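Everything numeric in this text was worked out from a predicted model, so none of it was measured. Residue numbers begin at 1 in each chain, while the letters A, B, ... track the order of the sequences.
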Amino acid sequence: MPWPSRKRDKEAVADKEESDAKIAKTEEKASDKQEEEKSAKPPAGKSTSGWKNWKKKASESGGEESKITYCHWLLKSEPESRLEKGVDVKFSIDDLKAQPNQTTCWDGVRNYQARNFLRSMKLGQQAFFYHSNCKEPGIVAIVKIVKEAYPDHTQFDKKHLYYDSTSKKENPKWSMVDVQFVRMTKRFIPLSEIKVHHLEHKAKGGPLKNMMLFAKQRLSVQPLTQEEFDFVLSLEE
DNA sequence: GCCAACGTTGGC
DNA sequence: GCCAACGTTGGC
């Protein structure tokens, strides 16, 4: 079975069993800390249809708004070949389109905050497919969540790039979702362009002023508010 | 290829 | 629990 390697985030790829105890300990700490992020859950009572909004505590940089609603996502993937431990991590939008059903499991996320975002994704929600670490970084397509979070099998596979010796089958540490291609954006939306708007909105106000792409630049799985998603989509035209 | 940003590790 | 050293991400 081909596991198209892709997706960033794998600081915990531990091959050394020796330091297991220590690693487990610090990771638990990290996990606890990130668990707060997880309090970002769908509001229990109200939910309309297929997708639900969910709330998250504003990052203190946001200040005034105590709650931000997210219902869309941004997923980073590398479109250009790059070897990691001898394995090519390339996974472009063309690679996604070439998958059966144009669907793939989003494996290899090894960062707690990104994992928690994966776990809060709901069936049918849309995400931007973003090309990172390449000549022209930016948004190329829209995908949707077709399977909600379940254990990432690569964490248990000793031979896999994303193997994590500290994760146990009884209590899997890492999750993945399945995503399916929806459509290409009408045009490529480069990071540089989004950034111009972000900076302007930050200075004068506007929907992209807190966009996580810039506030949490290294996160490979990011939430977007409805307003952020709509604004970025409006750039298509 | 450089390197800033930032997440993780581990000594104290 | 602090924080310096270290490693990774990812734009440029």
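Distances shown here put every side-chain N or O of A/K195 at or beyond 4.0 Å from the OP1 or OP2 atom of C/dG10. Within the 4.0 Å cut-off from OP1 or OP2 of C/dG11, at least one side-chain nitrogen or oxygen of A/Y130 is found. Listed pair A/K76 / C/dG10 meets the phosphate criterion, a side-chain N or O lying under 4.0 Å from OP1 or OP2.
Note: CD (A/Q217) to C1' (B/dA5) measures 5 Å, nearest angstrom. The distance from atom CD of A/Q113 to atom C1' of B/dA5 is 15 Å, rounded to the nearest whole Å. For the pair A/L74 CG and C/dT9 P, the interatomic distance rounds to 17 Å; values are reported in whole Å. Following rounding to the nearest Å, A/R82 (CZ) and C/dT9 (C1') show an atom-to-atom distance of 8 Å. In this structure, the CD atom of A/E78 is 12 Å from the C1' atom of C/dG11, given to the nearest Å. For the pair A/K216 NZ and B/dA4 C1', the interatomic distance rounds to 16 Å; values are reported in whole Å. As a whole-Å value, the separation of A/L191 CG from C/dG10 P is 11 Å. One interatomic measurement links the two molecules: OH of A/Y112 to C1' of B/dC6, which rounds to 17 Å at whole-angstrom precision.
By the ring-ring contact (aromatic ring centres under 6.0 Å, His included) test, A/Y130 is found to be paired with no residue, residues two or more places apart in sequence or in another chain being considered. Annotation: salt bridge (charged side-chain N to carboxylate O under 4.0 Å, His left out) contacts of A/K204 (sequence neighbours excluded): none.
Relative to the side chain of A/R218, the nucleotides C/dC12, B/dA5, B/dT8 differ in distance, and B/dA5 lies closest.
A cation-pi arrangement is not found for A/K158 relative to A/F156, the charged atom failing to lie both closer than 6.0 Å to the ring centre and inside a 45° cone about the ring normal.
A/K135 comes within contact range of no nucleotide atom at all, as no heavy-atom separation falls under 4.0 Å.
Two residues are said to be in side-chain contact when any heavy atoms from C-beta on lie closer than 4.5 Å; A/Y150 and A/R119 fail this criterion.
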